[in-house]
Amino acid sequence: MEDTVTDEYADNQAARGGRNRRRGMTTFRVKTVGWLFVLLATIGTTILPSMLGYQPGSDDMVAMTVLVICEVVSWTAVPLYSWLLVQGYRHTHSVMQYGIRLLALAIISEVPYDMATSGKVWDMNSQNPVFALVIALIVIAAVDWVRENLQGVAKWAAIVLIAAAGLAWALLLHVGLRQGMFNMGVLLIGMALVFYALDAHENTMMMTAGVLGAVFFIMPAVGVAMLHTRRDELGYGHPWTKWVFYALYPVTLLLCALPVM
């Protein structure tokens with residue numbers, strides 16, 4: 001998601017008080033780990049039930065337990081993608097172009113997402129979580145504008161209203177709704193706001209995000225702990241690498257969904 005070279009990325013992080021670690025996950029590794037969790041969730045929803053012979057409503061507790069574990073563990077990816085969104089926002093040359101790319105990805109991914117999660121080509125019960133990243137980007141950009149142009153009570157009232165509107169959209173549109181109980185879209189936006197607002201205060205940021213993640217069934221808090229081990233380097237030098245990660249999401253959904261359709 002980043003549009004800057006590694007050295008500039010690290011310099012900007014240091015200027016905001018970030019720690020330039022020699023060990024830990026680079027941005028490339030954060031993206032890779034995030035995709036692996038997405039793959040786990042997708043396989044657990046599509047291919048694995050057939051392999052285990054599980055049918056909806058079945059009393060096969062072993063198969064059900066395996067599938068639930070795959071789903072819950074995959075929620076670890078939520079803070080990883082929220083953090084990547086905020087870094088993309090801070091380092092992109094054009095927020096508008098960045099938003100258009102994310103919106104295009106969300107639209108392209110919707111049919112594969114519906115196929116993978118419900119077995120239908122079109123299903124309005126849950127929208128893919130990339131839409132939550134689009135909403136989060138709009139919310140952060142709007143909050144930035146408010147901070148630069150308003151003062152006092154008006155500023156804080158506008159920020160609260162913008163954040164509430166973003167969360168409401170995620171709820172109303174069922175963005176990233178999993179198993180009818182885990183609202184991934186709301187958590188993605190909430191985590192993005194935490195990473196945006198507290199970026200210069202590492203420990204406070206991670207503790208706040210960790211508590212928020214723990215409220216959402218624990219596993220997102222594990223993702224926050226993983227993020228705390230990161231180092232502020234891209235970890236790749238080829239501009240086309242980011243496009244591979246853009247393509248991986250819809251391709252993964254599609255490849256896993258087609259065999260069981």
Item to complete: Could you tell me the separation between the CG atom of Leu253 and the OH atom of Tyr113, rounded to the nearest 0.5 Å?
Response: 8.5 Å
Item to complete: To the nearest 0.5 angstrom, please state how far the NZ atom of Lys120 sits from the CG atom of Asp114.
Response: 9.5 Å
Worksheet item: With side chains defined as the heavy atoms from C-beta onward, is the minimum distance between Met191 and Leu212 less than 4.5 Å?
Response: yes
Practice prompt. Let me see the working for Tyr249 and Val130 under side-chain contact (heavy atoms from CB on, under 4.5 Å), right down to the final yes or no.
Written response: CA-CA 9 Å; Tyr249 183 58; Val130 181; 3.6 Å; yes
Discussion item. What I'd like to find out is whether the side chain of Arg178 reaches to under 4.5 Å of the side chain of Thr117, using heavy atoms alone.
Written reply: yes
Practice prompt. Please report the C-alpha distance between Val186 and Phe216 in whole Å, then the side-chain angles of each, then the deciding distance to 0.1 Å, and finally whether the side-chain contact (heavy atoms from CB on, under 4.5 Å) criterion is met.
Written response: CA-CA 10 Å; Val186 168; Phe216 283 78; 4.2 Å; yes
Worksheet item: Nearest heavy-atom pair of Pro250 and Ile108: which atoms, and what distance?
Response: CB-CG2, 4.3 Å
Practice prompt. Compare all side-chain heavy atoms of Leu40 with those of Leu36 and state whether any distance is below 4.5 angstrom.
Written response: no
Practice prompt. Using atom types as modelled and distance alone, determine if a side-chain donor or acceptor of Thr229 lies under 3.5 Å from a backbone N or O of Met226.
Written response: yes
Worksheet item: If two hydrophobic side chains count as joined below 4.5 Å and joins carry through other members, does Leu167 share a cluster with Val160?
Response: no
Discussion item. Using every non-hydrogen atom in the two residues, find where Ala221 and Gly210 come nearest and quote the distance to one decimal.
Written reply: CB-O, 3.5 Å
Worksheet item: Can you list the steps and then say if Thr26 with Arg231 is a side-chain contact (heavy atoms from CB on, under 4.5 Å)?
Response: CA-CA 5 Å; Thr26 62; Arg231 69 177 187 266; 3.2 Å; yes
Discussion item. Nearest 0.5 Å, please: how far is CG in Leu258 from CD1 in Ile47?
Written reply: 10.0 Å
Item to complete: Take Tyr196 and Val143 through the side-chain contact (heavy atoms from CB on, under 4.5 Å) test and state the conclusion after the steps.
Response: CA-CA 10 Å; Tyr196 163 76; Val143 168; 3.8 Å; yes
Worksheet item: Do Trp243 and Tyr98 share a hydrophobic cluster (ILVMFWY, side-chain heavy atoms under 4.5 Å, transitive)?
Response: yes
Discussion item. Could you measure the distance from the CG atom of Leu133 to the OG atom of Ser82? Nearest 0.5 Å is fine.
Written reply: 6.5 Å
Worksheet item: How far apart are the C-alpha atoms of Arg29 and Glu233, what are their side-chain angles, what is the distance that settles it, and do they pass the salt bridge (charged side-chain N to carboxylate O under 4.0 Å, His left out) test?
Response: CA-CA 10 Å; Arg29 289 183 181 177; Glu233 296 179 10; over 6 Å; no
Practice prompt. Answer yes or no: is there a side-chain heavy-atom contact under 4.5 Å between Tyr54 and Leu48?
Written response: no
Worksheet item: Which pair of non-hydrogen atoms, one from Cys256 and one from Thr42, has the smallest distance, and what is that distance?
Response: CB-CG2, 3.5 Å
Worksheet item: Is there side-chain contact between Gln87 and Thr27, with at least one heavy-atom pair below 4.5 Å?
Response: no
Practice prompt. Decide whether Ile218 and Val211 are clustered together by the hydrophobic rule: side chain heavy atoms of Ile, Leu, Val, Met, Phe, Trp, Tyr closer than 4.5 Å, transitively.
Written response: no
Response to the item:
So CE of Met207 and CG of Leu198: to nearest 0.5 Å the spacing works out to 11.5 Å
Item to complete: Quick one: pull up CG in Asp199 and CH2 in Trp83 and give me the separation to the nearest 0.5 Å.
Response: 9.0 Å
Practice prompt. For residues Val30 and Met25, report the shortest heavy-atom separation together with the two atoms involved.
Written response: CG2-CE, 3.8 Å
Fill in: Same cluster (ILVMFWY, side-chain, under 4.5 Å), Phe182 and Val215
yes
Worksheet item: Under a single-linkage definition using a 4.5 Å side-chain heavy-atom cutoff for Ile, Leu, Val, Met, Phe, Trp and Tyr, are Tyr246 and Met96 assigned to the same hydrophobic cluster?
Response: no
Discussion item. Could you check whether any side-chain heavy atom of Val224 comes within less than 4.5 Å of a side-chain heavy atom of Val222, counting everything from C-beta outward?
Written reply: no
Discussion item. Any salt bridge linking Glu148 with Lys155? Criterion: basic side-chain nitrogen under 4.0 Å from a carboxylate oxygen.
Written reply: no
Discussion item. Whether the side chain of Ser126 engages the backbone of Leu177 through a donor-acceptor N/O pair (distance < 3.5 Å, no angle test) should be reported.
Written reply: yes
Item to complete: Please name all residues satisfying ring pair (Phe, Tyr, Trp, His ring centres under 6.0 Å) with Phe28, sequence neighbours left out, ordered by chain then number.
Response: Phe245
Response to the item:
Residue set satisfying ring pair (Phe, Tyr, Trp, His ring centres under 6.0 Å) with Phe217, at least two apart, ordered chain then number -> Trp75
Discussion item. Could you tell me if the side chain of Asp144 sits less than 4.5 Å from the side chain of Arg147, heavy atoms only?
Written reply: yes
Worksheet item: Is the closest side-chain heavy-atom distance between Ile140 and Val86 below 4.5 Å?
Response: yes
